[in-house]
Number of protein chains: 2
Amino acid sequence: MARKLIENPNECPITHSMNIIGNKWTSIIVYMLANRKLRFGELAIRIDKISRKVLANQLKEMELRGIVIRESYAEIPPRVEYSLTEKGERLLPILNQLCAWSKDIELDMTAEKTN
Amino acid sequence: MARKLIENPNECPITHSMNIIGNKWTSIIVYMLANRKLRFGELAIRIDKISRKVLANQLKEMELRGIVIRESYAEIPPRVEYSLTEKGERLLPILNQLCAWSKDIELDMTAEKTN
DNA sequence: CATATTAGTTACCTTTTGGTTACTACTTTC
DNA sequence: GAAAGTAGTAACCAAAAGGTAACTAATATG
(Lines give C-alpha, C1' and ligand atoms only; values in the text may rest on other atoms or scores of the structure.)
Protein backbone atom coordinates (compact mmCIF):
# COMPACT_ATOMS: atom_id res chain seq x y z
CA MET A 1 0.00 0.00 0.00
CA ALA A 2 2.66 2.51 0.94
CA ARG A 3 5.49 2.63 -1.50
CA LYS A 4 8.76 4.10 -0.34
CA LEU A 5 9.89 7.33 -1.86
CA ILE A 6 13.56 6.73 -1.51
CA GLU A 7 15.43 8.90 -3.92
CA ASN A 8 18.98 8.58 -4.92
CA PRO A 9 20.68 11.91 -4.31
CA ASN A 10 23.27 11.23 -7.01
CA GLU A 11 20.52 10.69 -9.48
CA CYS A 12 20.66 12.61 -12.72
CA PRO A 13 19.16 16.03 -11.94
CA ILE A 14 16.86 15.96 -14.89
CA THR A 15 15.54 12.56 -13.86
CA HIS A 16 15.05 13.97 -10.41
CA SER A 17 13.13 16.94 -11.77
CA MET A 18 10.92 14.65 -13.78
CA ASN A 19 10.25 12.52 -10.73
CA ILE A 20 8.89 15.63 -9.10
CA ILE A 21 6.88 17.35 -11.80
CA GLY A 22 6.64 14.77 -14.57
CA ASN A 23 3.16 13.55 -13.80
CA LYS A 24 -0.33 14.46 -14.82
CA TRP A 25 -1.24 16.77 -11.95
CA THR A 26 1.62 18.26 -9.93
CA SER A 27 2.24 21.32 -12.02
CA ILE A 28 -1.48 21.95 -12.45
CA ILE A 29 -1.81 21.98 -8.68
CA VAL A 30 1.07 24.44 -8.47
CA TYR A 31 -0.71 26.70 -10.94
CA MET A 32 -3.97 26.47 -9.02
CA LEU A 33 -2.26 27.52 -5.83
CA ALA A 34 -0.49 30.48 -7.40
CA ASN A 35 -1.09 33.48 -5.13
CA ARG A 36 -3.81 31.84 -3.09
CA LYS A 37 -4.72 29.34 -0.49
CA LEU A 38 -7.29 26.71 -1.39
CA ARG A 39 -9.09 24.06 0.57
CA PHE A 40 -8.92 20.45 -0.45
CA GLY A 41 -12.46 20.50 -1.78
CA GLU A 42 -11.90 23.67 -3.77
CA LEU A 43 -8.89 22.14 -5.44
CA ALA A 44 -10.89 19.03 -6.27
CA ILE A 45 -13.59 21.14 -7.91
CA ARG A 46 -11.31 23.51 -9.78
CA ILE A 47 -8.99 20.89 -11.17
CA ASP A 48 -11.14 19.32 -13.78
CA LYS A 49 -11.32 15.53 -13.65
CA ILE A 50 -8.80 14.86 -10.95
CA SER A 51 -9.95 12.18 -8.56
CA ARG A 52 -9.91 12.94 -4.85
CA LYS A 53 -7.68 9.97 -4.24
CA VAL A 54 -4.99 11.16 -6.59
CA LEU A 55 -5.36 14.75 -5.41
CA ALA A 56 -4.81 13.64 -1.82
CA ASN A 57 -1.77 11.58 -2.79
CA GLN A 58 -0.23 14.33 -4.87
CA LEU A 59 -0.71 16.90 -2.14
CA LYS A 60 0.91 14.58 0.37
CA GLU A 61 3.89 14.00 -1.88
CA MET A 62 4.19 17.71 -2.66
CA GLU A 63 4.11 18.50 1.02
CA LEU A 64 6.95 16.03 1.62
CA ARG A 65 8.92 17.63 -1.14
CA GLY A 66 8.46 21.05 0.35
CA ILE A 67 6.35 22.44 -2.45
CA VAL A 68 3.08 22.98 -0.61
CA ILE A 69 2.04 23.74 2.93
CA ARG A 70 -0.90 21.98 4.50
CA GLU A 71 -2.77 23.76 7.26
CA SER A 72 -5.40 21.80 9.06
CA TYR A 73 -7.95 23.39 11.39
CA ALA A 74 -9.59 21.43 14.15
CA GLU A 75 -13.11 22.32 13.17
CA ILE A 76 -16.15 20.32 12.33
CA PRO A 77 -16.53 19.79 9.44
CA PRO A 78 -12.77 19.78 8.92
CA ARG A 79 -10.98 22.51 7.07
CA VAL A 80 -7.63 22.00 5.42
CA GLU A 81 -5.94 24.68 3.39
CA TYR A 82 -3.12 24.30 0.94
CA SER A 83 -0.72 26.93 -0.29
CA LEU A 84 2.64 27.11 -2.03
CA THR A 85 5.92 27.28 -0.20
CA GLU A 86 8.58 29.59 -1.48
CA LYS A 87 9.98 26.62 -3.39
CA GLY A 88 6.63 26.02 -4.95
CA GLU A 89 6.48 29.65 -5.97
CA ARG A 90 9.89 29.50 -7.55
CA LEU A 91 8.57 26.80 -9.83
CA LEU A 92 5.96 29.09 -11.37
CA PRO A 93 8.17 31.16 -13.69
CA ILE A 94 9.78 27.98 -14.97
CA LEU A 95 6.42 26.45 -15.73
CA ASN A 96 5.46 29.64 -17.51
CA GLN A 97 8.45 29.33 -19.77
CA LEU A 98 7.58 25.73 -20.45
CA CYS A 99 4.08 26.75 -21.46
CA ALA A 100 5.37 29.46 -23.74
CA TRP A 101 7.77 27.01 -25.30
CA SER A 102 5.20 24.31 -25.85
CA LYS A 103 2.77 26.72 -27.43
CA ASP A 104 4.96 27.46 -30.35
CA ILE A 105 5.32 23.88 -31.27
CA GLU A 106 2.85 24.07 -34.11
CA LEU A 107 2.30 20.81 -35.85
CA ASP A 108 0.03 18.38 -37.47
CA MET A 109 -0.90 16.41 -34.43
CA THR A 110 -3.03 13.89 -36.20
CA ALA A 111 0.05 11.78 -36.55
CA GLU A 112 0.73 8.47 -34.94
CA LYS A 113 2.22 7.48 -31.66
CA THR A 114 3.47 3.96 -31.20
CA ASN A 115 4.76 3.82 -27.71
CA MET B 1 -0.66 -1.10 -31.66
CA ALA B 2 -0.52 2.44 -32.94
CA ARG B 3 -2.25 4.87 -30.66
CA LYS B 4 -3.33 8.17 -32.10
CA LEU B 5 -1.59 11.24 -30.85
CA ILE B 6 -4.47 13.59 -31.33
CA GLU B 7 -3.98 16.58 -29.13
CA ASN B 8 -6.56 19.09 -28.25
CA PRO B 9 -5.21 22.52 -29.15
CA ASN B 10 -7.35 24.19 -26.50
CA GLU B 11 -5.85 21.95 -23.90
CA CYS B 12 -4.39 23.55 -20.82
CA PRO B 13 -0.88 24.63 -21.81
CA ILE B 14 0.71 23.06 -18.78
CA THR B 15 -0.99 19.77 -19.51
CA HIS B 16 0.26 20.09 -23.05
CA SER B 17 3.81 20.70 -21.84
CA MET B 18 3.64 17.69 -19.62
CA ASN B 19 2.38 15.57 -22.47
CA ILE B 20 5.55 16.48 -24.28
CA ILE B 21 8.26 16.30 -21.64
CA GLY B 22 6.59 14.62 -18.72
CA ASN B 23 7.95 11.15 -19.27
CA LYS B 24 10.98 9.21 -18.21
CA TRP B 25 13.22 9.86 -21.19
CA THR B 26 12.37 12.83 -23.42
CA SER B 27 14.32 15.46 -21.54
CA ILE B 28 17.27 13.14 -21.05
CA ILE B 29 17.40 12.63 -24.79
CA VAL B 30 17.30 16.40 -25.27
CA TYR B 31 20.26 16.74 -22.92
CA MET B 32 22.19 14.01 -24.69
CA LEU B 33 21.74 15.75 -28.00
CA ALA B 34 22.82 19.15 -26.70
CA ASN B 35 25.37 20.51 -29.14
CA ARG B 36 25.91 17.28 -30.98
CA LYS B 37 24.58 14.76 -33.36
CA LEU B 38 24.36 11.16 -32.20
CA ARG B 39 23.53 7.92 -33.90
CA PHE B 40 20.73 5.74 -32.67
CA GLY B 41 23.15 3.20 -31.23
CA GLU B 42 25.21 5.85 -29.47
CA LEU B 43 22.11 7.21 -27.81
CA ALA B 44 21.15 3.72 -26.70
CA ILE B 45 24.56 3.23 -25.12
CA ARG B 46 24.87 6.62 -23.48
CA ILE B 47 21.42 6.70 -21.99
CA ASP B 48 21.74 4.25 -19.20
CA LYS B 49 19.04 1.59 -19.07
CA ILE B 50 16.78 2.85 -21.81
CA SER B 51 15.46 0.06 -23.99
CA ARG B 52 15.90 0.32 -27.71
CA LYS B 53 12.20 0.00 -28.23
CA VAL B 54 11.37 2.96 -26.04
CA LEU B 55 14.25 4.97 -27.45
CA ALA B 56 12.97 4.40 -30.97
CA ASN B 57 9.44 5.38 -29.95
CA GLN B 58 10.53 8.50 -28.13
CA LEU B 59 12.67 9.64 -31.00
CA LYS B 60 9.79 9.13 -33.38
CA GLU B 61 7.46 11.15 -31.21
CA MET B 62 10.05 13.87 -30.70
CA GLU B 63 10.57 14.07 -34.44
CA LEU B 64 6.83 14.52 -34.93
CA ARG B 65 6.80 17.26 -32.36
CA GLY B 66 9.61 19.06 -34.08
CA ILE B 67 12.14 18.60 -31.30
CA VAL B 68 14.65 16.38 -33.06
CA ILE B 69 15.79 15.86 -36.62
CA ARG B 70 16.38 12.39 -37.98
CA GLU B 71 18.88 11.98 -40.78
CA SER B 72 19.13 8.60 -42.36
CA TYR B 73 21.98 7.58 -44.70
CA ALA B 74 21.56 4.84 -47.27
CA GLU B 75 24.65 2.91 -46.22
CA ILE B 76 25.25 -0.62 -45.14
CA PRO B 77 25.17 -1.06 -42.21
CA PRO B 78 22.63 1.75 -41.85
CA ARG B 79 23.48 5.05 -40.23
CA VAL B 80 20.89 7.30 -38.67
CA GLU B 81 21.80 10.50 -36.89
CA TYR B 82 19.70 12.51 -34.50
CA SER B 83 20.10 16.13 -33.53
CA LEU B 84 18.06 18.88 -31.93
CA THR B 85 15.95 21.31 -33.88
CA GLU B 86 15.95 24.92 -32.85
CA LYS B 87 12.89 24.14 -30.77
CA GLY B 88 14.69 21.35 -29.05
CA GLU B 89 17.54 23.70 -28.29
CA ARG B 90 15.20 26.27 -26.83
CA LEU B 91 14.15 23.66 -24.32
CA LEU B 92 17.63 23.34 -22.86
CA PRO B 93 17.78 26.52 -20.78
CA ILE B 94 14.37 25.72 -19.33
CA LEU B 95 15.49 22.26 -18.35
CA ASN B 96 18.58 23.77 -16.77
CA GLN B 97 16.43 25.97 -14.59
CA LEU B 98 14.34 22.99 -13.63
CA CYS B 99 17.46 21.12 -12.58
CA ALA B 100 18.70 24.03 -10.55
CA TRP B 101 15.33 24.33 -8.90
CA SER B 102 15.04 20.66 -8.07
CA LYS B 103 18.49 20.55 -6.61
CA ASP B 104 17.70 22.90 -3.84
CA ILE B 105 14.83 20.87 -2.67
CA GLU B 106 16.78 19.31 0.13
CA LEU B 107 14.77 16.89 2.13
CA ASP B 108 14.50 13.75 4.06
CA MET B 109 13.52 11.53 1.23
CA THR B 110 13.14 8.42 3.29
CA ALA B 111 9.52 9.37 3.74
CA GLU B 112 6.56 7.54 2.37
CA LYS B 113 4.72 7.72 -0.86
CA THR B 114 1.25 6.30 -1.12
CA ASN B 115 0.17 6.97 -4.63
C1' DC C 1 -32.96 10.96 15.49
C1' DA C 2 -31.78 11.77 10.52
C1' DT C 3 -29.13 14.65 7.45
C1' DA C 4 -25.50 17.53 5.85
C1' DT C 5 -20.78 18.72 5.66
C1' DT C 6 -15.49 17.94 4.82
C1' DA C 7 -11.24 15.60 4.12
C1' DG C 8 -9.83 12.07 3.39
C1' DT C 9 -9.10 6.39 2.96
C1' DT C 10 -9.86 1.67 1.11
C1' DA C 11 -10.37 -1.96 -2.11
C1' DC C 12 -10.58 -2.87 -6.63
C1' DC C 13 -9.91 -2.09 -11.51
C1' DT C 14 -8.24 0.02 -16.12
C1' DT C 15 -4.96 2.44 -18.74
C1' DT C 16 -0.50 3.89 -19.73
C1' DT C 17 4.27 3.36 -19.75
C1' DG C 18 8.24 0.95 -20.09
C1' DG C 19 11.01 -3.46 -20.46
C1' DT C 20 12.65 -8.20 -22.66
C1' DT C 21 13.70 -11.18 -26.13
C1' DA C 22 13.93 -12.63 -30.53
C1' DC C 23 13.97 -11.28 -35.23
C1' DT C 24 14.84 -8.79 -39.94
C1' DA C 25 17.46 -6.70 -43.97
C1' DC C 26 21.62 -5.81 -46.30
C1' DT C 27 26.41 -5.78 -47.22
C1' DT C 28 31.31 -6.33 -45.98
C1' DT C 29 34.86 -9.03 -44.06
C1' DC C 30 36.98 -13.49 -42.61
C1' DG D 1 29.61 -19.70 -46.54
C1' DA D 2 29.45 -17.80 -41.77
C1' DA D 3 29.80 -13.82 -38.85
C1' DA D 4 29.60 -8.94 -37.82
C1' DG D 5 27.47 -4.68 -37.76
C1' DT D 6 23.18 -1.17 -37.63
C1' DA D 7 18.57 0.46 -36.89
C1' DG D 8 15.07 -0.78 -35.97
C1' DT D 9 10.20 -3.90 -35.23
C1' DA D 10 6.96 -7.48 -33.06
C1' DA D 11 4.93 -10.10 -29.59
C1' DC D 12 4.55 -10.44 -25.07
C1' DC D 13 4.90 -8.87 -20.07
C1' DA D 14 5.45 -6.16 -15.74
C1' DA D 15 4.98 -2.12 -13.26
C1' DA D 16 3.27 2.39 -12.46
C1' DA D 17 -0.23 5.70 -12.59
C1' DG D 18 -4.61 6.97 -12.27
C1' DG D 19 -9.82 6.25 -11.78
C1' DT D 20 -14.38 4.69 -9.25
C1' DA D 21 -17.39 3.84 -5.62
C1' DA D 22 -18.30 3.14 -1.10
C1' DC D 23 -17.09 4.36 3.47
C1' DT D 24 -15.45 6.94 7.92
C1' DA D 25 -15.35 10.47 11.87
C1' DA D 26 -17.28 14.28 14.19
C1' DT D 27 -20.46 17.79 15.04
C1' DA D 28 -24.26 21.06 13.89
C1' DT D 29 -28.71 21.71 12.30
C1' DG D 30 -33.75 20.66 11.52
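Per chain, numbering begins at 1; letters A, B, ... match sequence-line order. All heavy atoms count here, side chains included; hydrogens, waters and symmetry mates do not.
Using a distance-only test at 3.5 Å, with no hydrogens or angles considered, no donor-acceptor pair links the side chain of B:Thr26 to the main chain of B:Asn23. With hydrogens and angles disregarded, a donor-acceptor distance shorter than 3.5 Å links the side chain of A:Thr85 to the backbone of A:Gly66.
Side-chain atoms of A:Lys53 and base atoms of D:dG19 include a donor and an acceptor less than 3.5 Å apart.
Between A:Arg70 atom CZ and C:dA7 atom P there is a gap of 10 Å when expressed in whole angstrom units. What separates CD of B:Glu81 from P of D:dG8 is a distance of 12 Å, to the nearest Å. Note: CG (B:Leu55) to C1' (D:dT9) measures 13 Å, nearest angstrom. In this structure, A:Asn57 atom CG and C:dA11 atom P are separated by 14 Å, rounded to whole Å. If you take CD1 of A:Ile29 and C1' of D:dG18, they are 13 Å apart, rounded to a whole angstrom. Put simply, CG on B:Leu38 is 13 Å from P on D:dG8, counting in whole angstrom units. Put simply, CD1 on A:Ile28 is 11 Å from P on D:dG18, counting in whole angstrom units. When the P atom of D:dA7 is taken as reference, atom CD of B:Glu71 falls 13 Å away, rounded to whole Å.
A sub-4.0 Å separation between OP1 or OP2 of D:dG8 and a side-chain N or O of B:Lys60 is absent. In this structure, B:Tyr73 does not reach the C:dC26 phosphate: none of its side-chain N or O atoms is under 4.0 Å from OP1 or OP2. Contact annotation: B:Lys49 does not reach the phosphate of C:dG18 (side-chain N/O to OP1 or OP2, under 4.0 Å). Contact annotation: A:Arg39 side-chain N/O to C:dT5 OP1/OP2 distance is not under 4.0 Å. The shortest distance between the side-chain N/O atoms of A:Gln58 and the OP1/OP2 oxygens of D:dG18 is below 4.0 Å.
Taking the side chain of B:Pro78 as heavy atoms from C-beta on, and the options C:dG8, D:dA7, D:dG8, the nearest nucleotide is D:dA7. Of the listed nucleotides (D:dG5, C:dG19, D:dT27), C:dG19 has the atom at the smallest distance from the side chain of B:Lys24. Side-chain proximity of B:Val80 to the nucleotides D:dG8, D:dT9, C:dA7 is greatest for D:dG8.
Between A:Glu71 and A:Arg79, none of the side-chain N atoms (NZ, or NE/NH1/NH2) sits under 4.0 Å from a carboxylate O, so this pair counts as no salt bridge.
No side-chain donor-acceptor contact under 3.5 Å links B:Glu89 and B:Asn35.
For the side chain to side chain contact (heavy atoms under 4.5 Å, CB included) with A:Ile94, the qualifying choice from B:Leu98, B:Leu95, B:Asn96 is B:Leu98, the only one to do so.
Residue contacts shown for B:Arg52 include a base, since a base heavy atom lies under 4.0 Å away.
Of the residues near DNA chain D, B:Tyr82 and B:Ile76, the one whose nearest nucleotide (by heavy atom distance) lies more toward the 5' end is B:Ile76.
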